[in-house]
Number of protein chains: 2
Amino acid sequence: MPDENGAHDSQLLKGVLSMALLRLLAECESYGYELVGRLHELGLKQIHEGSVYPALSRLEREGSVTARLVSSNSGPARKYYRPSPAGYASLAECEVAWTTLVRALEPILSRPVPRRPQEART
Amino acid sequence: MPDENGAHDSQLLKGVLSMALLRLLAECESYGYELVGRLHELGLKQIHEGSVYPALSRLEREGSVTARLVSSNSGPARKYYRPSPAGYASLAECEVAWTTLVRALEPILSRPVPRRPQEART
DNA sequence: GAAGGTACCTGACATAGCAAGGTACTGTGC
DNA sequence: GCACAGTACCTTGCTATGTCAGGTACCTTC
């Protein structure tokens, strides 16, 4: 089946991408091109370079990550990012917000959808 | 502590609101003003009318919900919404996308954040 | 020297939540 | 009769951020 939910996901992804990137960078210093691959492996196939590079730039501008250029022998120089202390703090906050959201949605999503919605009480 | 994550949440919420609304409506026919209250009870306190009404209009325009006006004796008429068959389908798709996203993020978020990020291998 | 993989970046566009404000109906109290 | 508070709706800008499409450039291999 084709990814018709791709369009939907694009909205769900908002705000999640930064968190995911920050989290991956906390795990292991990395660069944009590789991060795209790592996200794809996680199953987030619909994330493209055009989302990741701007997101990384934002994180750097915000001071959440620091970058260093490392020349490569398999192409142009790679820009390796790693979280700053502020980035770790931001990540922690973001994870709290995410967990809170997931927990808030759980009670309604876990219940099976009723066959017919109940009529409103007047 | 104040809700400093409110700003962050605004991004995390993208796409989640429609799903939550659709899900609540599947549970029980309702109207905007009440839905805001229900979302607040769920812990989604940062959702305001200015988000809910446009979201409901979008859902109606998309054909995901149908609406009917019911006069009230405690104020102006209420606009009750309930999901259409297309809305149920959309909800199902959306829940899949959501679950997929949550599951994709789990493996990286559940691991404890390393004290120091590992140096990249060259 | 052309091709293809690696690696970066950007600009125009669409989406959707937020903030702020406006309208209007109802019952209550004065 | 009138102001008020609560209920209930809606809209206009603003902003953030993902997508799409495209561009640049390095390096190795053929």
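All chains are named by letter (A, B, ...) in the order of the sequence lines, taking the proteins before the strands, and each is independently numbered beginning at 1. The analysis underlying the following values was restricted to heavy atoms, covering all of them including side chains, and did not include hydrogens, waters or symmetry mates. None of the values given here were measured: they were computed from a predicted structure.
- For the OP1/OP2 pair of C:dT15 and a distance below 4.0 Å, the side-chain nitrogens and oxygens of B:R58 include no atom meeting the criterion.
- Rounded to an integer number of Å, the gap from CG of A:L12 to P of D:dT17 is 16 Å.
- In this structure, the nucleotide among D:dT17, D:dG18, D:dC20 sitting nearest to the side chain of B:Q11 is D:dT17.
- Not one side-chain nitrogen or oxygen of A:K14 sits closer than 4.0 Å to the OP1 or OP2 atom of D:dT19.
- For C:dA19, the OP1/OP2 oxygens have a side-chain nitrogen or oxygen of B:H48 closer than 4.0 Å.
- Residue B:A55 places its side chain closer to C:dG17 than to any other of C:dG17, D:dC9, C:dA7.
- Protein atom CG of B:L56 is 14 Å distant from nucleotide atom P of D:dA8, rounded to whole Å.
- Residues meeting the side-chain contact (heavy atoms from CB on, under 4.5 Å) test with B:A104, sequence neighbours left out: A:L44.
- For A:Y53, taking side-chain heavy atoms from C-beta onward, the closest of the listed nucleotides C:dC18, C:dC8, C:dA16 is C:dC8.
- Every pair tested for salt bridge (Lys or Arg N to Asp or Glu O under 4.0 Å) that includes a residue from residues 35-55 of chain B fails, sequence neighbours excluded, so the list is empty.
- Among all heavy-atom pairs drawn from B:A55 and B:L21, the shortest one is CB-CD1, 3.6 Å.
- When each of A:S51 and B:G32 is assigned the nucleotide of DNA chain D with its nearest heavy atom, B:G32 is the one assigned upstream, toward the 5' end.
- Residue B:K79 is the one, among B:K79 and A:V16, whose nearest nucleotide of DNA chain D lies closer to the 5' end (criterion: closest heavy atom).
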Enumerate all atom pairs, one protein N or O and one N or O from nucleotides 22-26 of chain C, separated by less than 3.5 Å.
{"from": "C:dT26", "atom 1": "O3'", "to": "B:N73", "atom 2": "O", "distance (Å)": "3.3"}

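- In this structure, OH of A:Y80 is placed 8 Å from P of C:dA7, rounded to the nearest angstrom.
- Residues satisfying the side chain to side chain donor-acceptor pair (under 3.5 Å) test with B:E62, not counting sequence neighbours, are B:S64.
- The aromatic rings of B:W98 and A:W98 sit tilted relative to each other, their planes meeting at an angle between 30° and 60°.
- An OP1 or OP2 oxygen of C:dC8 is reached within less than 4.0 angstrom by no side-chain nitrogen or oxygen of A:R78.
- For B:E60, the salt bridge (Lys or Arg N to Asp or Glu O under 4.0 Å) criterion is met by B:K79, not counting sequence neighbours.
- Counting only heavy atoms from C-beta on, B:S10 has its side chain closest to C:dC18 among D:dG18, C:dC18, C:dT6.
- Annotation: salt bridge (Lys or Arg N to Asp or Glu O under 4.0 Å) contacts involving residues 12-24 of chain B, sequence neighbours excluded, comprise B:R23-B:E27, B:R23-B:E95.
- Residues that satisfy the side chain to side chain donor-acceptor pair (under 3.5 Å) test with B:S72, not counting sequence neighbours, are B:S74.
- Applying the side chain to side chain donor-acceptor pair (under 3.5 Å) rule to B:Y31 yields the partners B:R78; only residues at least two apart in sequence or on another chain are considered.
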Pull out every protein N or O sitting under 3.5 Å from an N or O of nucleotides 11-13 of chain C, one pair per line with the distance.
none

